[in-house]
Amino acid sequence: MAKELPTRAEDYAQWYVELVKKADLAENSDVRGCMVIKPYGYTLWENMQRALDKMFKDTGHVNAYFPLFVPKSMFEAEEKNAEGFAKECAIVTHYRLKNDPSKPGKLMVDPEAKLEEELVVRPTSEAIIWNTYKKWIQSYRDLPILINQWANVVRWEMRTRLFLRTAEFLWQEGHTAHATRQEAEQEARLMLDVYAEFAERFMAVPVIKGRKSDGERFPGAVDTYCIEALMQDGKALQAGTSHFLGQNFATAFDVQFSTKEGKLDYVWGTSWGVSTRLIGGIIMAHSDDDGLILPPRLAPLHVVIVPIFRSEEELNKITAAIEPVIGDLRKAGLSVKFDNRDTQKPGFKFAEYELKGVPVRIAVGPRDLENGTLEVARRDTKQKQVLKMEGITTAITALLEEIQSNLFARALKFREEHTTRVDSYEEFKRVLDDKGGFVLAHWDGTTETEQRIKDETKATIRCIPLEGGQETGACVYSGKPSAGRVVFARAY
RNA sequence: CGGGGUGUAGCGUAGCCCGGUAUCGCGCCUGCUUUGGGAGCAGGAGAUCGUCAGUUCGAAUCUGGCCACCCCGACCA
């Protein structure tokens, strides 16, 4: 076990928060509910951004940027959406400070600088974007609009946790406008597929694709799709959402266009997003009691090289021998660090990089120089092997791929072992308490039943799965007919 | 926003009940010995005890106000 890191079994929540801090990903700032994302954590986010951004571009989207502030009247135009977010909005009411006459050296809000109309700090950007699209769209020839933005948003949360829920967070939000219902629905589903692919191929986290129940749907959407991931403590994490907005925002913002047939119609919309929350998901899906385990395809650092030396002379010899190796690894596109500090001992460094989840560690000492070998350790299984220095780049590249697929396989196995079909309410409650994870159960489709189950068990319907849910049965709670099993879980 | 708790060195803490300027560990600095799994020894620096006021010869300690943060609940990606 890592020094001063609680084990997952002892206290999962504490383990998580300590790990985030000790692995240098992020820390709490002095601003309540807000975090500082440190360079190591931010590099991870940048890697995620890069992969996602490419996937967005490959599916025809372009990036743009819309303002942080949304005038209140604009914000409230789509009522359901505004209502849904009202309780967690930060508002700008003034635009100037002045010296406080009663407290020298202190500032106060200048009461004379009150804004005529308050500005809402965006909790999401549908309002400002649809208000803008109105100006851009007249004809079917202007459609579709396929825009994404990378931005920060603010949701004034009561309780926050690093990455998982913070008052300000970073995300991307796609906002598209289409001429037909079918095209918009396809877009929402396409982006859900993109998210699922990203989660599985890059994060190495298996996800269930599904639709949200009425109770869990995004306010203002006709349909909300999501990907749900399972964490090691048996709780679910919503890892991405994609909304089919119907014509709700077009109606609210009066965005009409002339069809080919010369008629006027409202535009069909979608929006979709993933946030820095995914970092929390990566941590909780893979890491162990020794620290982070990061998937190679997103890790800020792929390989760390630790020299074992007694003297400066010895270090010089090692450096000379290892430099070509570093060059080759970098040429192969890998991020490599040679940790030649003489202020820390090798053992300390080993522990440190395990804590930080670097996928592959190479140790090289005098013994290796004699034999032309390197000691290669993989973080996911902690196995060590001695390899020939020659051809090491090929071996490392293959090893990284193997770690990537092993992480996914491991997480998938965990999910399968923690997905349980239940047919009675007693069993439902017992599985939730004893085992956790996803519970597949029949549900009568009503919000009342969903709410009662939530009140009694704290479990919510994570999604109505898109695949493999067709099977008639009786609702575990009410006994009424059900068209298919849905996914229940306690969730973050 | 309800209920509970805590503020003492960069971090974690002792001292508070019973007033006399502060304990220990980690980290940091210097030196020597060490280095294939979190080194050892010796020396050293670092705190107006959250904040404002009150009581007192004297306040980390007692009293009151304020501020901040944490935990539990309701709300949430």
Side-chain angles (χ1 to χ4, degrees), chain A residues 1-5 11 13-14 17-18 21-22 27-34 83-89 103 123-124 152-161 163-173 195 212 215-219 221 224-229 236-243 271-281 290-291 305-312 314-315 318 339-355 361-371 373-377 382 384 386 454-455 458 460 462 491-492:
Chain A
M1 182 189 61
K3 222 181 187 176
E4 290 163 28
L5 188 65
D11 188 342
Q14 199 59 30
V17 96
E18 290 292 320
K21 289 179 187 168
K22 293 210 158 76
E27 63 189 40
N28 281 306
S29 76
D30 287 339
V31 184
R32 188 191 166 279
C34 296
E83 227 180 273
F85 284 111
K87 293 185 298 295
E88 46 192 277
C89 284
K103 293 177 195 156
T124 180
N152 58 338
V153 287
V154 170
R155 298 181 186 175
W156 213 264
E157 300 290 348
M158 289 290 141
R159 279 188 72 191
T160 60
R161 292 183 72 187
F163 290 121
L164 296 175
R165 172 159 293 110
T166 46
E168 179 192 17
F169 59 90
L170 305 184
W171 76 345
Q172 61 65 218
E173 45 180 328
Y195 287 155
K212 284 294 187 190
E216 296 275 322
R217 203 196 311 123
F218 175 69
T224 290
Y225 299 99
C226 62
I227 52 173
E228 292 286 329
L237 183 80
Q238 185 176 130
T241 52
S242 180
H243 314 289
S271 66
W272 28 275
V274 298
S275 71
T276 38
R277 169 178 245 208
L278 289 182
I279 294 176
D290 292 316
I305 302 174
V306 178
I308 316 291
F309 58 96
R310 285 164 204 275
S311 63
E312 202 180 323
E314 220 164 57
L315 175 61
I318 291 168
D339 187 352
N340 60 1
R341 286 177 297 174
D342 62 358
T343 50
Q344 314 291 349
K345 291 177 61 176
F348 179 91
K349 294 176 185 176
F350 292 174
E352 185 178 27
Y353 293 111
E354 271 159 18
L355 185 63
R361 179 189 75 228
I362 297 176
V364 52
R367 216 186 292 155
D368 295 299
L369 293 193
E370 273 173 39
N371 304 331
T373 58
L374 297 168
E375 185 200 75
V376 176
K382 300 197 77 185
K384 289 190 253 192
V386 176
K454 184 180 175 182
D455 292 344
K458 288 184 175 171
T460 51
R462 299 321 302 153
Y492 277 99

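Below, read A as the first sequence line, B as the second, and so on, with proteins coming before strands; counting in each chain starts at 1.
Here the C1' atom of nucleotide B:G10 and the NZ atom of A:Lys22 are 14 Å apart, to the nearest Å. What separates CZ of A:Arg217 from C1' of B:C76 is a distance of 17 Å, to the nearest Å. The distance from atom CG of A:Asp368 to atom P of B:G36 is 13 Å, rounded to the nearest whole Å. A:Glu18 has its CD atom 13 Å from the C1' atom of B:C70, to the nearest Å. To the nearest angstrom, P of B:U34 lies 18 Å from NZ of A:Lys349. Nucleotide B:U35 holds its C1' atom 13 Å from the CG atom of A:Asp339, rounded to whole Å. A:Asp342 has its CG atom 12 Å from the P atom of B:G31, to the nearest Å. Rounded to whole Å, the distance from CD on A:Gln14 to C1' on B:G12 is 13 Å.
Rounding to the nearest 0.5 Å gives a distance of 11.5 Å between CZ of A:Arg161 and CG of A:Asn28. Taken to the nearest 0.5 Å, the OG1 atom of A:Thr241 stands 10.5 Å off from the CD atom of A:Glu173. In this structure, the separation between CD on A:Gln238 and CD on A:Glu216 is 7.5 Å, given to the nearest 0.5 Å. Rounded to the nearest 0.5 Å, atoms OG (A:Ser311) and CG (A:Asp342) are 11.0 Å apart. We find the CD-CG distance between A:Glu375 and A:Asp368 to be 7.5 Å, quoted to the nearest 0.5 Å. Within the model, atoms OG of A:Ser275 and CG of A:Asn152 stand 12.5 Å from one another, a figure rounded to the nearest 0.5 Å.
Where A:Ser311 and A:Tyr492 meet RNA chain B, the nucleotide closest to each residue was compared, and A:Ser311 sits on the side nearer the 5' end. In this structure, A:Arg361 and A:Thr166 both approach RNA chain B, and ranking their closest nucleotides by distance from the 5' end singles out A:Arg361.
If you check every strand for non-hydrogen atoms under 4.0 Å, A:Glu375 touches a base. A:Ser275 comes within 4.0 angstrom of a nucleotide base, judged by non-hydrogen atoms across all strands. Using a 4.0 Å heavy-atom cutoff across all strands shown, A:Lys384 reaches at least one base atom of the nucleic acid. A:Asn28 comes within contact range of no nucleotide atom at all, as no heavy-atom separation falls under 4.0 Å. A:Phe169 comes within 4.0 angstrom of a nucleotide base, judged by non-hydrogen atoms across all strands. Here A:Leu237 lies out of heavy-atom contact (under 4.0 Å) with every strand. Counting non-hydrogen atoms under 4.0 angstrom, A:Glu157 reaches a base of the nucleic acid. Among the protein residues, A:Ser29 comes within range of no part of the nucleic acid, since none of its heavy atoms lies under 4.0 Å from any strand.
Between B:U35 and A:Arg310, a contact under 4.0 Å exists linking OP1 or OP2 to a side-chain N or O.
B:C49 and B:C11 are spaced 16 Å apart, taking the P atom of each and rounding to whole Å. Of the P atoms belonging to B:A68 and B:U51, the separation is 15 Å, rounded to the nearest Å. For B:U23 and B:G54, the C1' atoms lie 29 Å apart once the distance is rounded to whole Å. When the P atom is compared between B:U13 and B:C66, the two are found 26 Å apart, to the nearest whole Å. For B:U55 and B:G64, the C1' atoms lie 11 Å apart once the distance is rounded to whole Å. Remark: the separation of the C1' atoms in B:G10 and B:G46 is 10 Å, to the nearest Å. Comparing the C1' positions of B:A9 and B:A14 gives an interatomic distance of 14 Å, to the nearest angstrom. Rounded to whole Å, the separation between the P atoms of B:G37 and B:U33 comes to 22 Å.
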Within the sub-3.5 Å range, which N or O atoms of nucleotides 39-42 of chain B have a protein N or O partner, and how far apart are they?
unit_1	atom_1	unit_2	atom_2	d
B:A39	O4'	A:Lys345	NZ	3.3

### Query
Is there a side-chain contact (heavy atoms from CB on, under 4.5 Å) between A:Asn340 and A:Ile305 once you walk through the steps?
CA-CA 8 Å; A:Asn340 60 1; A:Ile305 302 174; over 6 Å; no
### Query
Between A:Glu354 and A:Lys382, is a salt bridge (Lys or Arg N to Asp or Glu O under 4.0 Å) present by the stated rule, with each step listed?
CA-CA 9 Å; A:Glu354 271 159 18; A:Lys382 300 197 77 185; 3.6 Å; yes
### Task
Let me see the working for A:Val274 and A:Gln172 under side-chain contact (heavy atoms from CB on, under 4.5 Å), right down to the final yes or no.
CA-CA 6 Å; A:Val274 298; A:Gln172 61 65 218; 3.4 Å; yes
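Ring geometry, A:His243 versus A:Phe218: the interplanar angle falls under 30°, so the pair is classed parallel (tilted spans 30 to 60°).
Closest contact between the side chain of A:Ile308 and the listed nucleotides B:G38, B:G36, B:C75 involves B:G36.
Both tests do not hold together for A:Arg165 against A:Tyr492: distance to the six-membered ring centre under 6.0 Å, angle to the ring axis within 45°.
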### Message
Can you give me the dot-bracket string for RNA chain B, 5' to 3', counting Watson-Crick and G-U wobble pairs with both distances under 3.5 Å, using [ ] for crossing pairs and | for partners on another strand?
### Response
(((((((..(((.......[...))).((((((.....)))))).....(((((..]....))))))))))))....
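Shown here, B:U13 is classed anti by the O4'-C1'-N9-C4 or O4'-C1'-N1-C2 angle, which is more than 90° from 0.
By the ring-ring contact (aromatic ring centres under 6.0 Å, His included) test, A:Trp171 pairs with A:Phe169, sequence neighbours left out.
Residue-to-nucleotide contacts include a donor-acceptor pair under 3.5 Å from the side chain of A:Glu354 to the base of B:G37.
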